[in-house]
Amino acid sequence: MKALILAGGFGTRLRPISCTRPKLLFPIANKPILDLTLRRLAESGVTEVILAVSFMADALERAFGKSKHRIRLHYSRDSLPDSSSAALGTGGAIKQAENLLRTEECFFALNGDILSEANYLKILQHHREKGRMATIALQRVEDPSRYGVVKLSKEGLIEEFVEKPTKDAPSNLVNAGIYVFNSEIFEYIQPGKACSIEREVFPKISKERKLLGHEISSLWIDVGKPVDYIKANRIWIARQVEASRFPLKGTDVEKNASIQQPVCIDENVGIGKNSEIGPNVSIGRGCLIGADVRIQGSIIFPSVEIRDQTTITGTIIGEGVKIGEKVTIGKGCLIGDRVTIRDGVRLVNNVKVCPYREVSSNASRGQCVI
Ligand code: GTP
């Protein structure tokens with residue numbers, strides 16, 4: 001069985017962290033999201049995966065190479081005839097991979113930015129039993145307005161597909177970004193043109209009664225927004241507490257530092273005396289944390305340095321960031337890769353700092369340091 005993973009989006013909602021890293025390389029409990037997806041696909045018997053890449057394609061290819069978890073990896077790059085590289089949209093990217101998938105009776109297609117424990121084999125079984133052209137996994141959510149929402153018939157066919165309804169959503173069952181397609185799907189997408197599968201193909205095939213829905217009820221989080229990314233990390237590390245037992249290779253936690261689980265700490269991390277880490281914190285490889293530091297509900301990417309008496313809450317800190325002494329960073333801040341934050345600075349309430357900037361004065365309430 002083959003699977004295609006959509007991996008080429010710009011991840012604009014996660015900027016500025018996504019300015020220097022594709023979303024699928026964002027760590028969850030210190031492992032790239034893509035790693036977690038490939039592992040689950042391997043467990044479901046998938047042996048070949050096509051990564052439909054575009055934005056920062058080279059970074060993905062460098063990180064994952066030719067195989068992972070015994071899955072052979074292929075890279076299909078978005079390209080339009082009149083430009084060397086351009087985003088094809090979700091449908092265009094699927095069409096671009098046609099040569100690699102056409103031979104399959106059916107294949108999985110997944111949005112790469114979903115943390116899910118959906119049972120892929122059950123979705124496939126449903127697809128085969130019902131014998132239609134496409135099956136979408138559906139998730140029940142409280143607020144469907146930011147998703148593709150469906151109306152399901154008694155036989156399980158999708159009768160209506162509305163992408164991001166502004167009002168009167170037909171149900172609270174939404175597109176979970178996990179599909180099984182027969183190769184006939186390629187006939188619905190024009191080659192060499194940008195196309196959204198959600199907006200251009202699904203409404204059409206639902207009218208033709210070829211689109212099935214299959215409700216899943218497992219863990220499912222779309223990590224497209226910072227708050228959901230932090231939530232996904234929190235839930236995942238709570239399941240991995242085992243993995244954060246000490247001593248990890250090269251990791252050195254001072255005896256009187258306190259670790260409040262769930263916390264996920266990678267290798268070669270140093271944590272100074274009296275520091276309090278957790279709950280709901282992940283700390284990437286090679287981070288150096290000083291004394292009397294407090295970190296809660298945050299994701300710290302690799303190689304970050306945090307000096308003494310600094311407090312970090314509800315924040316994402318990009319790779320290689322240097323944070324001085326007595327700094328406060330709180331509530332929804334996003335700090336881009338390799339930023340330097342000087343001693344005593346206070347950044348609170350959704351401040352964003354672009355990569356490589358140096359910050360020496362306070363900022364708050366959604367300010368953007370560019
Ligand atoms: P935002 O810009 O924040 O909306 O994020 P995004 O660009 O990732 O878009 P979205 O979350 O809607 O994308 C869903 C999935 O499709 C993600 O895994 C994306 O990487 C992928 N994707 C979106 N657009 C494209 C595209 O044009 N080409 C390819 N190859 N993949 C895409």
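FYI, the numbering just counts along the sequence from 1. First listed ligand is number 1; within each ligand, the first listed atom is number 1.
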For atom 31 (N) of ligand 1, what's the nearest protein heavy atom and its distance? Gly8 N, 3.0 Å
State, with a plain yes or no, whether a side-chain heavy atom of Pro355 is found less than 4.5 Å away from one of Pro16. yes
For Arg13, take its heavy atoms, then give the atoms of ligand 1 lying under 4.0 Å from any of them. 1 (P), 3 (O), 4 (O), 5 (O), 11 (O)
Asp228 and Arg13 ion-paired at < 4.0 Å: no
Which one holds for Asp78 and ligand 1: side chain close, backbone close, both close, or neither close, with close meaning a heavy atom under 4.0 Å? side chain
Hits for ring-ring contact (aromatic ring centres under 6.0 Å, His included) against Tyr356, two or more places apart or cross-chain, chain-then-number order -> none
protein heavy-atom neighbour closest to atom 18 (O) of ligand 1 works out as Leu6 O, 2.8 Å
Give a yes or no on whether a salt bridge exists between Asp343 and Arg307, defined as a side-chain N under 4.0 angstrom from a carboxylate O. no
Any idea which atoms of ligand 1 are less than 4.0 Å away from a heavy-atom of Ala87? 27 (O)
Could you tell me the residue and atom name of the protein heavy atom closest to atom 7 (O) of ligand 1, and the distance to it rounded to 0.1 Å? Phe10 N, 2.9 Å
May I ask you to identify, for Ala93, whether its side chain, its backbone, both or neither come under 4.0 Å of ligand 1 on a heavy-atom basis? side chain
Give a yes or no on whether atom 12 (O) of ligand 1 lies under 4.0 Å from any heavy atom of the protein. no
Quick note on ligand 1: atoms under 4.0 Å from a heavy atom of Gly112 include exactly 18 (O)
Suppose we measure from atom 24 (N) of ligand 1 to each protein heavy atom; which comes out shortest, and what is that distance? Gly9 CA, 3.8 Å
Considering only the protein, which heavy-atom contact is closest to atom 30 (N) of ligand 1, and what is its distance? Ala52 O, 2.9 Å
Would you call Arg239 and Glu117 a salt bridge, using N to O less than 4.0 angstrom? yes
Give the single entry among Thr90, Ile33, Thr12, Asp113 that approaches atom 1 (P) of ligand 1 most closely by any heavy atom. Thr12
Glu358 and Arg342 ion-paired at < 4.0 Å: yes
Could you check Glu254 against Ser275 for side-chain hydrogen bond (donor to acceptor under 3.5 Å, both in side chains), going step by step and ending with a plain yes or no? CA-CA 9 Å; Glu254 286 278 340; Ser275 285; over 6 Å; no
Ranking Gly89, Ser54, Ala109 by closest non-hydrogen atom to atom 26 (C) of ligand 1, top hit is Gly89
Should Gly224 be counted as touching ligand 1, given the test is an N or O pair under 3.5 Å? no
In ligand 1, which numbered atoms sit nearer than 4.0 Å to a non-hydrogen atom of Lys23? 5 (O), 6 (P), 8 (O), 11 (O)
Can you tell which part of Leu14 has a heavy atom less than 4.0 Å from ligand 1: side chain, backbone, both or neither? neither
What do we get for Ala194 next to ligand 1 when only non-hydrogen atoms under 4.0 Å count, side chain, backbone, both or neither? neither
Salt bridge present between Asp58 and Arg77 (N-O < 4.0 angstrom): yes
Hey, is the main chain of Tyr179 close enough, under 3.5 Å, to the side chain of Thr135 for a donor-acceptor pair? no
Enumerated ligand 1 atoms positioned under 4.0 Å from heavy atoms of Leu88: 27 (O)
Are the side chain of Ser298 and the backbone of Gly314 linked by a donor-acceptor contact shorter than 3.5 Å? yes
Over 60° means perpendicular and under 30° means parallel, so tell me whether Tyr229 and Phe301 are parallel, tilted or perpendicular. perpendicular
